[in-house]
Amino acid sequence: MKLPLSFYQRNDAVLVARELLGKHIYTNIDGQLTGGVIVETEAYQGPEDRGSHAYNHRKTPRNEIMFKAGGVVYMYICYGIHDMLNVVTGTDGTSHAVLIRAVDPRVGIETMRERRNLFTEDTRLCRGPGALAKALGLVKAHNGINLLEDKIWIEDRNEIVNESDIIASARVGMNYDGPYKTIPWRFYMKGNKNVSKPHI
DNA sequence: TATAGGATAGGCT
DNA sequence: GCCTATCCTATAG
């Protein structure tokens, strides 16, 4: 059921990002099981990718986990407020990763609402990378956790995702010029209400 | 050591 | 649609 290490350790983060759509992500944190279906991802691929923290082989205390073999989690804080969840991919020494940007919530919805302070039906529950990390109970301290352990993991439940239901577009928040600003490495499920804005 | 700015989200106009 | 909280990190001096 859990995706095997071989899924993550391919040296093609763009392919992994696409294939993570429709997979089920779970966390078991503070005794609470929460999870849902991944509906939006972004790929960050290699030292040439100007959008990546590992651009130009940059390796710092923050991002060194990106250089590990695939199948572990890379967590970092954005804008001083939001914890971001990434899945490290590729073989040892590469710096590929996939940012999980949105989840269709399925399990432990009450727990996720409490963590998010949303107490009614609200499509914002896991919409956006900061939102889903908070709903799933993930913080920077979870950096480096292996996806084959029992704190956070991803399962293939044999749900078919049609190619025609996948939209590829430019990644969000790329504030610089060059080809990596517009390269279509963001993937999301067409029409899904849990996909973050902007819808381009 | 100092400082600018970020792979965002939520609230307000 | 615009504004900004909030703080860690990367980078320059």
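Here is the naming used below: chain letters follow the sequence lines, and residue numbers restart at 1 for every chain.
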Counting only non-hydrogen atoms, which of residues 80-90 of chain A are less than 4.0 Å from DNA chain B?
A/Gly80, A/His82, A/Met84, A/Asn86
Where along residues 47-74 of chain A does a heavy atom fall under 4.0 Å from DNA chain B?
A/Gly51, A/His53, A/Met66
Should A/Glu40 and A/Arg186 count as an ion pair when the cut-off is N to O under 4.0 Å?
yes
I want to check a possible cation-pi pair here: A/Arg10 against A/Phe7, using under 6.0 Å from ring centre and within 45° of the ring axis as the test.
yes
Both A/Arg124 and A/Val172 contact DNA chain B. Which one's nearest nucleotide lies toward the 5' end?
A/Val172
With sequence neighbours excluded, tell me which residues meet side-chain contact (heavy atoms from CB on, under 4.5 Å) with A/Lys68.
A/Ile65, A/Val72
Hey, does A/Asp49 have a side-chain heavy atom less than 4.5 Å from the side chain of A/Tyr55?
no
P atoms of B/dA2 and C/dT6, separation to the nearest Å
23 Å
Outermost DNA chain B nucleotides near chain A [under 4.0 Å, heavy atoms]:
B/dG6 to B/dG10
Residues two or more places apart in sequence or in another chain: which of them pass salt bridge (charged side-chain N to carboxylate O under 4.0 Å, His left out) with A/Asp104?
A/Arg106
Residues in side-chain contact (heavy atoms from CB on, under 4.5 Å) contact with A/Glu64, at least two apart in sequence or another chain:
A/Lys59
Listed by chain and number, what are the side-chain contact (heavy atoms from CB on, under 4.5 Å) partners of A/Gln45, not counting sequence neighbours?
A/Ala13, A/His96, A/Trp185
Once salt bridge (charged side-chain N to carboxylate O under 4.0 Å, His left out) is applied, do any residues pair with A/Arg50, and if so which ones, sequence neighbours excluded?
none
Report the residues that fulfil side-chain contact (heavy atoms from CB on, under 4.5 Å) with A/Ile166, sequence neighbours left out, ordered by chain and then residue number.
A/Arg18, A/Leu21, A/Val161, A/Glu163, A/Phe187
With rounding to the closest Å, how many angstrom separate the P atoms on B/dA7 and C/dG1?
23 Å
I'd like to check the side chain to side chain donor-acceptor pair (under 3.5 Å) partners of A/Asn143; sequence neighbours left out, ordered by chain and number.
none
Using a 3.5 Å cut-off on both pairing distances, which stems of three or more Watson-Crick or G-U pairs include DNA chain C?
B:1-6 with C:7-12, B:8-12 with C:1-5
Check the side chains of A/Thr34 and A/Thr111 for a donor-acceptor pair under 3.5 angstrom, ignoring hydrogens and angles.
no
Give me the ring orientation class for A/Tyr26 and A/Trp153: parallel if the planes are under 30° apart, tilted from 30 to 60°, perpendicular past 60°.
parallel
For A/Glu42, enumerate each residue passing the salt bridge (charged side-chain N to carboxylate O under 4.0 Å, His left out) test, keeping only those at least two apart in sequence or located in another chain.
A/Arg101
